[in-house]
Number of protein chains: 2
Amino acid sequence: MEFKESHNLIIKNVSRFIDLTDLEKQKYISLLKEVNIKKRDFLLQAGDVARYEYFITKGCLKTYSIDEEGKQHISMFGIEDYWTTDMASFISGEPSHFFVEALEDTELLAMPRTKYDLLFQEIPKFERFYRILYQRSLMSYIRRSNLNISMTAEERYIRFMERYPHIVRRIKQKDLAAYIGVTPEFISMIKLKIKKTS
Amino acid sequence: MEFKESHNLIIKNVSRFIDLTDLEKQKYISLLKEVNIKKRDFLLQAGDVARYEYFITKGCLKTYSIDEEGKQHISMFGIEDYWTTDMASFISGEPSHFFVEALEDTELLAMPRTKYDLLFQEIPKFERFYRILYQRSLMSYIRRSNLNISMTAEERYIRFMERYPHIVRRIKQKDLAAYIGVTPEFISMIKLKIKKTS
DNA sequence: TCCTAAACTTAAACTAGTTTATTTTTTTTC
DNA sequence: GAAAAAAAATAAACTAGTTTAAGTTTAGGA
């Protein structure tokens with residue numbers, strides 16, 4: 001069975017955890033909506049309710065909140081083959097505290113909250129898919145926040161550079177700083193220090 | 001159908017998200033193992049593999065890691081009606097980086113990793129239960145780490161005191177500090193400051 | 001119930017990371 | 001491809017939270 005490129009991508013992602021028949025694939029795809037946004041546009045803004053769970057087929061996004069002093073805190077970057085939304089808002093139906101903004105022109109597939117129950121009803125295997133997906137997200141979330149707590153900013157910077165060089169290449173240093181949890185000035189200091197010692 | 005007190009508790013917890021027949025309840029309970037540990041004993045230690053997911057029926061626990069300088073970082077407290085384990089180790093089968101230690105004599109029900117697949121096979125509804133459970137854990141994890149990032153230690157302290165007074169009553173200030181992410185001395189300073197201002 | 005270890009308090013010196021301000025470099029836009 | 005805007009670098013003054021150290025209170029085991 002032939003699908004378009006973006007649909008192949010999402011089916012490949014889902015098929016890591018569950019096997020779908022051709023009919024189920026078709027059914028699943030029929031629930032998805034295509035969304036394209038330009039660089040600097042928002043997929044979600046604080047105050048909005050997250051009505052979709054998005055799968056990224058092309059591009060790059062950042063998810064962040066803004067604190068009382070107006071500072072951005074980036075909680076994740078999203079690139080091809082990853083999922084993004086504000087889970088808290090998506091589930092609870094309450095307004096989000098997050099912004100999801102495109103760092104490049106971006107293409108996504110959106111699963112509407114309104115179709116979520118229908119999906120589980122028609123293809124119960126998806127309970128399993130999401131059980132595993134959320135279990136793994138939880139796992140990496142726990143790992144990350146544990147590391148963040150026990151490492152200095154310099155260690156966090158070095159670790160991110162080593163583990164996600166493909167993301168580093170696509171983002172501004174300013175955004176890296178907002179993810180690491182320091183000021184851009186401090187990143188400059190770290191780089192200077194590393195240059196001197198090596 | 002009659003079950004013992006602890007089994008009633010876990011069934012009530014599971015029944016928030018899925019309905020079980022009496023037969024399914026019995027089957028589920030037959031997979032669980034009762035575990036009792038004394039204050040200061042460990043449910044899990046760094047280096048061990050987490051072979052169980054635990055439901056707390058009585059008592060209080062802390063989950064923490066120890067960094068290179070020997071400092072404890074508490075990531076959660078567990079009390080009655082909550083679940084605990086190191087999800088990362090439980091899923092991956094790799095050794096854990098966490099300690100789970102009893103702060104009081106504690107009674108638990110343990111679901112073995114070895115029975116996990118059997119559970120999903122025999123009662124597929126549990127895929128749904130865990131999908132929802134993990135989705136909600138993820139949600140509160142995201143909320144918490146977002147708040148921690150954008151608040152000062154003082155704000156985090158005040159918030160915890162307000163939201164979890166029933167937990168505060170059962171733990172040492174030292175452990176509260178390790179959860180908030182500051183030294184016990186700094187907690188003393190915060191208390192002093194609050195006393196002065198009010 | 002007493003004794004001892006652990007927990008908590010207070011305070012002064014210290015440090016990782018921030019703030020503010022200026023200059024240089026890179027990116028965007030027309 | 002030049003002008004304007006945004007991002008990055010450098011450096012000095014500053015602050016939230018740490019460290020060290022000494023004294024006080026509390027808890028729990030023999």
Side-chain angles (χ1 to χ4, degrees), chain A residues 38-41 60 62 64 66-74 77 101-105 147-161 167-198, chain B residues 38-41 59-60 62 64 66-74 77 101-106 147-161 167-198:
Chain A
K38 292 241 161 252
K39 187 171 174 172
R40 273 182 289 276
D41 274 357
C60 185
K62 62 174 170 180
Y64 61 95
I66 296 185
D67 68 18
E68 295 103 40
E69 284 116 56
K71 273 187 225 150
Q72 275 189 30
H73 298 272
I74 297 179
F77 295 106
E101 183 183 335
L103 299 175
E104 303 171 358
D105 293 353
L147 283 165
N148 282 1
I149 279 167
S150 60
M151 297 196 300
T152 63
E154 184 177 341
E155 289 167 331
R156 259 143 45 211
Y157 170 77
I158 291 168
R159 189 185 161 91
F160 192 82
M161 295 295 279
I167 293 181
V168 174
R169 256 176 261 126
R170 293 167 78 169
I171 63 174
K172 291 275 151 66
Q173 178 172 305
K174 198 180 111 168
D175 283 336
L176 207 178
Y179 179 87
I180 295 291
V182 293
T183 55
E185 290 83 354
F186 195 64
I187 295 276
S188 287
M189 267 188 51
I190 292 172
K191 284 165 101 172
L192 192 67
K193 192 187 149 197
I194 291 173
K195 198 162 54 174
K196 275 182 189 161
T197 17
S198 66
Chain B
K38 293 240 161 252
K39 187 169 174 175
R40 273 182 289 276
D41 274 358
C60 185
K62 63 174 172 179
Y64 60 95
I66 296 186
D67 68 17
E68 296 104 41
E69 284 117 55
K71 272 187 225 150
Q72 276 188 30
H73 299 273
I74 297 180
F77 295 106
E101 183 184 336
L103 299 176
E104 303 170 359
D105 294 353
T106 296
L147 283 165
N148 282 1
I149 278 168
S150 60
M151 298 197 297
T152 63
E154 184 177 341
E155 288 167 331
R156 259 143 43 212
Y157 170 78
I158 291 167
R159 189 185 160 89
F160 193 82
M161 296 294 280
I167 294 180
V168 174
R169 258 177 261 127
R170 293 167 76 169
I171 62 174
K172 292 274 151 65
Q173 178 173 303
K174 197 181 113 169
D175 283 337
L176 208 178
Y179 179 87
I180 297 291
V182 293
T183 56
E185 290 84 354
F186 196 64
I187 296 274
S188 285
M189 267 188 51
I190 292 171
K191 284 166 100 174
L192 192 69
K193 193 187 149 196
I194 290 172
K195 198 161 51 173
K196 275 183 190 161
T197 18
S198 64

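Treat the numbers as computed from the prediction; the structure is a model and nothing was measured. The sequence lines fix the lettering, A, B, ..., with proteins before strands; numbering per chain opens at 1.
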With sequence neighbours excluded, residues passing side-chain hydrogen bond (donor to acceptor under 3.5 Å, both in side chains) with [X]:
| X | value |
| --- | --- |
| Asp67(B) | His73(B) |
| Arg170(B) | Glu80(B), Glu104(B) |
| Tyr157(A) | none |
| Asp175(B) | Lys62(B) |

| query | Does any pair with a residue in residues 177-198 of chain A pass salt bridge (Lys or Arg N to Asp or Glu O under 4.0 Å), and if so which ones, sequence neighbours excluded? | reply | Glu154(A)-Lys193(A)

Could you give the [atom1]-to-[atom2] distance, from [X] to [N], as a whole number of Å?
| X | N | atom1 | atom2 | value |
| --- | --- | --- | --- | --- |
| Phe186(A) | dA8(D) | CZ | P | 17 Å |
| Lys195(A) | dT10(D) | NZ | C1' | 11 Å |
| Leu103(A) | dA7(D) | CG | P | 11 Å |
| Lys191(A) | dA11(D) | NZ | P | 15 Å |

Under 4.0 Å, counting only non-hydrogen atoms across every strand here, what does [X] touch: a base, just sugar-phosphate, or nothing?
| X | value |
| --- | --- |
| Leu192(A) | sugar-phosphate |
| Lys39(A) | sugar-phosphate |
| Glu185(B) | base |

| query | How large an angle, rounded to 10°, do the end axes of the helix from dT1(C)-dA30(D) to dC30(C)-dG1(D) enclose when each is built from five base pairs? | reply |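 Taking the rotation axis at each end, their angle is 70°.
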
| task | Kindly write out the residues that satisfy side-chain contact (heavy atoms from CB on, under 4.5 Å) with Lys174(B), not counting sequence neighbours, or none if the list is empty. | result |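 Expected list: Lys172(B), Pro184(B).
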
| request: Quick one: list whatever passes side-chain contact (heavy atoms from CB on, under 4.5 Å) with Arg40(A), sequence neighbours left out. | output: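 Result, side-chain contact (heavy atoms from CB on, under 4.5 Å) vs Arg40(A): Glu101(A).
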
| task | Kindly write out the residues that satisfy ring-ring contact (aromatic ring centres under 6.0 Å, His included) with Tyr64(A), not counting sequence neighbours, or none if the list is empty. | result |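 ring-ring contact (aromatic ring centres under 6.0 Å, His included) check on Tyr64(A) returns Phe99(A).
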
| task | Determine: side-chain N/O of Arg40(B) to OP1/OP2 of dG29(D), distance under 4.0 Å, yes or no. | result |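 Affirmative; the distance criterion is met.
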
| task | List in numerical order all residues of residues 172-184 of chain B for which some heavy atom is under 4.0 Å away from an atom belonging to DNA chain C. | result | Lys172(B), Gln173(B), Lys174(B)

| field | For Asp105(A), salt bridge (charged side-chain N to carboxylate O under 4.0 Å, His left out) partners two or more places apart | value | Lys38(A)

| task | Using the side-chain contact (heavy atoms from CB on, under 4.5 Å) rule, take Glu155(B) and Ser150(B) through it: C-alpha gap first, then chi angles, then the decisive distance, then the call. | result | CA-CA 10 Å; Glu155(B) 288 167 331; Ser150(B) 60; over 6 Å; no

| field | Distance in Å, Ile74(B) CD1 paired with Leu176(B) CG, rounded so as to fall on 0.5 Å steps | value | 8.5 Å

| request: Considering only heavy atoms of chain A and a distance under 4.0 Å, specify the first and last nucleotide of DNA chain C in 5' to 3' order that meet this criterion. | output: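 The footprint of chain A covers dG17(C) to dT29(C).
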
